[in-house]
Amino acid sequence: MSKNTPQAIRGTQDIFGPDAEAFAFVVETFERVRKLYRFRRAEMPVFEKTEVFARSIGETTDIVSKEMYSFDDRGGESLTLRPEFTAGIARAYLTNGWQQHAPLKLATHGPLFRYERPQKGRYRQFHQIDAEIIGAAEPQADVELLAMADQIIRELGIEDVTLHLNTLGDGDSREAWRAALVEYFSAVRGELSEDSQERLEKNPLRILDSKDPRDRKFLGNAPRIDDFLTDEAKAFFEAVTSGLDAAGVKWTRAESLVRGLDYYRHTAFEFIPDEGSEAAGKLGSQSTILGGGRYDGLMESLGGASTPAVGWAAGIERLAMLVGENDQAPADVIVIVEDDSFIGQGISALRLLRQDGLTAELISSGSPRKRFDKASKLNPRAILSLGGQGQLGSPVRSSEEALVDRIADLLSNSASFGSLASPRA
RNA sequence: GCGAUCGUAGCUCAGUUGGUUAGAGCGCCGGUUUGUGGUACCGGAGGUCGGGGGUUCAAGACCCCUCGAUCGCCCCA
């Protein structure tokens, strides 16, 4: 590579080969399954006014305070490349009057941008699949959404992944719990890790899933959300869990599972590989493959009417790491032209084969005598050889009898090959 | 933002305590062999050893800076 060649931006990826096939497989599976659940497809811009994210995600969160790709456009307006889907979807819902479709089940996927240090399963431009149900206050919406997530993961062939489920309660429950946590941890402030002392100010809930042993010894006796849940919040969570049981979705209670963003209420969840599983090993420290929750407070933060909603997002790259090898399938037919005067016939043959639904590719470059070798290395189901040393009597070679006949019929019914002797051996 | 490890042909990597024109395998291109064939052999193209500076008679190897990659912390999908 010349030193003159510009490099890709840090944290971006050029995806190709098996990785790209796995990526496509994730997206195709998502598209197929979301139709089964009758989620509507939506497309949003990849950038928005900065305030869309600042107001909904929370000014003090890491995402807004230091991870956004923001810039002023030529008109002097501050714009931001979307760091997540939910805020933009909420904005679209409000500005397009999608209230008329409520409750609205939406699905989308595409690139997102966060200025973070890249590491395994984590990029500055990354990609997510995303599903939201907007305008549905009932716990059945949570169940519906989680059932779809569970089915997608299973249809991707990903195993040893468990749904970790928690409730943050309604607004009142969450605030009371939060206050109790602050009081509890403040009492032992000096013994907490430096990170957690800072969390105490910014995001006390996060102390609960700290990995630092200095913090962990206090977690056992920390106030529990269950003690602060209102009757309504408790009933809501029970409806979600019994619904999941009815839907056959396995889950486990995760009392320390919290959400970083301000707008979450009630249900919070993550699909996480089981400890010690193969999937956990492949993901390194980025263990969550799908996460989300209920965000009943979000629409109001954007100036809309109070609107209940629930959603999730999953990193396509992380899912793709778990779906295994997915390389391009071998061709049905490789057409080789061992004499360049047959190139026209080669092109005609490709058209016939592809119109009939066969995957086909032409080899007509390089040393003529090595073209057959090239074709063989591609391991196709059949090789069609044109112009090879007067061997026109049997130009199709394959171990599949039916395929030989099919190709032979295609060619012999075409004017371009009318003069050709029977392709059958 | 912090820490650790690492950057040698298109790819995977060798390159002894710093010592002459920097190597292999695979891939690519061509030739010979074979002649209905994925074989074998021969040859070729392709590297200012990530970039810059320094130490030295001498640096791919040592030092500094920088860029990038990887993994972890923070945070998060």
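In what follows, every chain begins at residue 1, and chains take the letters A, B, ... in the order their sequences are listed.
Counting heavy-atom neighbours within 6.0 Å of E400(A) CD, excluding the residue itself, gives a total above 12. Summarising the local packing, CZ of F218(A) is surrounded by more than 12 heavy atoms from other residues, nucleotides or ligands at distances under 6.0 Å. Atom CD of E198(A) has 12 or fewer neighbouring heavy atoms from other residues, nucleotides or ligands inside a 6.0 Å radius.
In this entry the distance linking CD1 of I89(A) with P of A77(B) reads 14 Å, nearest Å. When rounded to the nearest whole Å, the span between CZ of F126(A) and P of C75(B) equals 17 Å. Between L112(A) atom CG and C75(B) atom C1' the separation is 16 Å, expressed in whole Å. Whole-Å rounding puts the R114(A) CZ to G1(B) P distance at 18 Å. If you measure from atom CG of D373(A) to atom C1' of A40(B), you get 12 Å, rounded to the nearest angstrom. Distance D130(A) CG to A77(B) P: 11 Å, rounded to the nearest Å. Spacing between atom CD of Q13(A) and atom C1' of G68(B) amounts to 15 Å, rounded to whole angstrom units. One atom, CE of M68(A), and another, P of C75(B), lie 19 Å apart when rounded to the nearest Å.
Counting non-hydrogen atoms under 4.0 angstrom, G121(A) reaches a base of the nucleic acid. Among the heavy atoms of the strands, none lies under 4.0 Å from F271(A). Across all strands, E116(A) comes closer than 4.0 Å to base atoms (heavy-atom distances). Within 4.0 Å of G11(A), counting heavy atoms only, lie sugar-phosphate atoms of the nucleic acid but no base atom.
Checking U70(B), C75(B), C76(B) against the side-chain heavy atoms of P118(A) singles out U70(B) as nearest. Residue K120(A) has its side chain nearest to C71(B) when only A77(B), C71(B), G27(B) are considered. When each of U70(B), C29(B), C76(B) is scored by its nearest atom to the side-chain atoms of K374(A), the top-ranked nucleotide is C29(B). In the set G72(B), G38(B), U70(B), G38(B) carries the atom at the smallest distance from any side-chain atom of S376(A). Side-chain atoms of R117(A) lie closest to G3(B) of the nucleotides G37(B), U39(B), G3(B).
Taking 4.5 Å as the limit, every side-chain heavy atom of H266(A) sits out of range of all side-chain heavy atoms of F237(A). Proximity of I129(A) to W312(A): side-chain heavy atoms (C-beta onward) are separated by under 4.5 Å at one or more points. Annotation: side chain of D62(A) is in contact with side chain of K202(A) (closest heavy-atom distance under 4.5 Å). A heavy-atom distance below 4.5 Å is found between the side chains of E270(A) and L257(A).
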Subject >> For RNA chain B, the dot-bracket pattern of Watson-Crick and G-U pairs whose distances stay under 3.5 Å, | for other-strand partners >> reply: (((((((..((((.....[...)))).(((((.......))))).....(((((..]....))))))))))))....
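Counting distance only, with no hydrogens placed and no angle test, the side-chain atoms of K370(A) and the base atoms of G31(B) include a donor-acceptor pair under 3.5 Å.
G27(B) and G52(B) are spaced 33 Å apart, taking the P atom of each and rounding to whole Å. Annotation: G60(B) and G7(B) have their C1' atoms spaced 11 Å apart (nearest Å). With C1' as the reference atom, A9(B) and U48(B) are 13 Å apart, rounded to whole Å. G46(B) and U39(B) have their C1' atoms separated by 26 Å, with the value rounded to a whole Å. The P atoms of C42(B) and A24(B) are separated by 12 Å, rounded to the nearest whole Å. With P as the reference atom, A45(B) and G18(B) are 33 Å apart, rounded to whole Å. With C1' as the reference atom, C62(B) and U21(B) are 24 Å apart, rounded to whole Å. On the C1' atoms, C63(B) is 34 Å away from G25(B), given to the nearest whole Å.
Taking side-chain N and O atoms only, R206(A) has a distance below 4.0 Å to OP1 or OP2 of C76(B). Of the side-chain N and O atoms in S285(A), one or more sit less than 4.0 angstrom from OP1 or OP2 of C73(B). Contact between the side-chain N/O atoms of T288(A) and the OP1/OP2 oxygens of A77(B) is not found at any separation under 4.0 Å. For R10(A), a side-chain nitrogen or oxygen approaches OP1 or OP2 of G68(B) to under 4.0 Å. The side chain of Q128(A) contributes no N or O atom lying less than 4.0 Å from OP1 or OP2 of A77(B). Contact annotation: R397(A) side-chain N/O to G37(B) OP1/OP2 distance is under 4.0 Å.
Nearest-nucleotide positions on RNA chain B place S365(A) closer to the 5' end than the other of E67(A) and S365(A). Positionally, the nearest nucleotide of RNA chain B for I336(A) lies more toward the 5' end than for the other of N203(A) and I336(A).
A salt bridge is absent between R406(A) and D332(A): the closest approach of a Lys/Arg side-chain nitrogen to an acidic carboxylate oxygen does not fall below 4.0 angstrom. Contact check on D170(A) versus R265(A) returns no salt bridge, with no Lys/Arg side-chain nitrogen under 4.0 Å from an Asp/Glu carboxylate oxygen. Checked for salt-bridge contact, R214(A) and E194(A) meet the test: a charged N lies under 4.0 Å from a carboxylate O. Between R41(A) and E31(A), at least one side-chain nitrogen of the basic residue sits less than 4.0 Å from a carboxylate oxygen of the acidic one, meeting the salt-bridge criterion.
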Going by atom type alone, with no hydrogens or angles, which donor-acceptor pairs under 3.5 Å involve a side-chain atom of residues 14-30 of chain A and a protein atom two or more places apart or on another chain?
| residue | atom | partner | partner atom | Å |
| --- | --- | --- | --- | --- |
| T29(A) | OG1 | F25(A) | O | 2.8 |

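Listed by residue number, the members of residues 188-199 of chain A with any heavy atom below 4.0 angstrom from RNA chain B are D195(A), R199(A).
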